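Proteins come first, then strands; the chains are lettered A, B, ... in the order of their sequence lines, and each starts at number 1. The shown structure was predicted, so the numbers you read here are calculated from the model rather than taken from an experiment.
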Number of protein chains: 2
Amino acid sequence: MSSTYKDKKVISIGITSELTGLSERQIRYYEERKLIFPERSKGGTRKYSFADVERLVDIANKMEDGMQTFEIRKEEMKKSDVRDKMLRGQLNAAFKMRK
Amino acid sequence: MSSTYKDKKVISIGITSELTGLSERQIRYYEERKLIFPERSKGGTRKYSFADVERLVDIANKMEDGMQTFEIRKEEMKKSDVRDKMLRGQLNAAFKMRK
DNA sequence: CGTGTAAGGAATTCTGACACG
DNA sequence: CGTGTAAGGAATTCTGACACG
């Protein structure tokens, strides 16, 4: 929405590791489990955004609470599902008004 | 001032090059000429912030206009000089009020 | 002065696998 | 399941220098 830098994927995994306190192994594993989606450089190195860093800290907290990766992923799917439904509702309402 | 990510030095020189359109050689040279001040990782690799990226784009524009590096640096010194004077003025005024 | 480039080396990152549990 | 680690290789970055102008 805003024109900040929060969503630009420009941070390497090493820096991301420092910023989050997670090991590179953990970060790569969370990607494997579809919890985080870095971009890649031409050469194949991962690039994260500050939003990703925040998300990783959030994941770290949930893992500490004993939550498992698939539960965290499910939770996320629920959120986007709700957003989808809300969006569909909006579109629907707009469509009805056109009649 | 604000709690954004604009000033965190987390971007490698390769990404910085892509974001600014400048070559790594140019970016390193502007550092040599004291126009930009990246941080370093333990290993010695340079790290830039989004603010640095903006500054580099600004430098690039001035170079295009035919300005030389020492002029750009001088311009910058003038700015901080003005800020210093304003700050001193503020402090001075505050001090006088105390009397 | 500002920038390109080849050179050699060091730091960073990648993947797939074994280990533990 | 989640994470550490050693392994071998590839991508990235670093410095100092030569070149051109």
Taking C-beta and beyond as the side chain, do B:Tyr48 and B:Ile27 meet within less than 4.5 Å on heavy atoms?
yes
Rounded to whole angstrom units, what separation is found between the CD1 atom of B:Ile15 and the P atom of D:dT13?
7 Å
Between A:Arg33 and A:Tyr29, do the side chains contain an N or O donor and an N or O acceptor separated by less than 3.5 Å?
yes
If you pin A:Gly14 and B:Arg33 to their nearest nucleotides in DNA chain C, which one's is more 5'?
B:Arg33
Respond yes when some side-chain nitrogen or oxygen of A:Arg46 is under 4.0 Å from OP1 or OP2 of C:dC14, and no when none is.
yes
Once you round it to whole Å, what is the distance between C1' of D:dG2 and CG of A:Leu22?
12 Å
Quickly work out the B:Lys62 NZ to C:dG2 C1' distance and round it to whole Å.
18 Å
In whole angstrom, what separates B:Glu18's CD from D:dT13's P?
9 Å
Most 5' of A:Met63 and B:Arg40 on DNA chain D, judged by nearest nucleotide:
A:Met63
Could you tell me the separation between the CD atom of B:Glu32 and the P atom of C:dG4, rounded to a whole number of Å?
14 Å
Considering only heavy side-chain atoms of A:Ser23, the closest of D:dG4, D:dT15, C:dG2 is D:dG4
Whole angstrom value for the distance that separates P of D:dT12 from CD of B:Glu24:
9 Å
Rounded to whole angstroms, how far apart are CD1 on A:Ile11 and C1' on D:dT12?
17 Å
Can you find a side chain N or O atom of B:Tyr29 that sits less than 4.0 Å from OP1 or OP2 on C:dG2?
yes
Of the listed nucleotides (C:dT13, D:dG4, D:dT13), which one gets closest to any side-chain atom of B:Thr45?
D:dT13
With respect to the phosphate group of C:dG2, does any side-chain polar atom (N or O) of B:Tyr30 fall under 4.0 Å of OP1 or OP2?
no
Respond yes when some side-chain nitrogen or oxygen of A:Ser12 is under 4.0 Å from OP1 or OP2 of D:dT12, and no when none is.
no
Counting only side-chain heavy atoms from C-beta out, which of C:dG4, D:dG4, D:dT13 sits nearest to B:Ile13?
D:dT13
Watson-Crick or G-U wobble partner of C:dT12, both distances under 3.5 Å:
D:dA10
Of A:Thr69 and A:Lys42, the one whose closest DNA chain D nucleotide lies more 5':
A:Thr69
According to the Watson-Crick and G-U wobble definitions, with both distances under 3.5 Å, which nucleotide is paired to C:dT5?
D:dA17
Do any side-chain nitrogens or oxygens of B:Arg28 fall under 4.0 Å of OP1 or OP2 in D:dC14?
yes
Would you say the side-chain atoms of A:Asp58 pair up with the backbone N or O of A:Arg55, donor to acceptor, closer than 3.5 Å?
no
In whole Å, what is the span from the CZ atom of A:Arg25 to the P atom of C:dT13?
16 Å
With a 4.0 Å cut-off, would you call B:Glu76 and B:Lys62 a salt bridge?
no
NZ of B:Lys8: more than 12 outside heavy atoms within 6.0 angstrom?
no
Determine whether more than 12 heavy atoms belonging to other residues, nucleotides or ligands lie under 6.0 Å from atom CE of B:Met77.
no
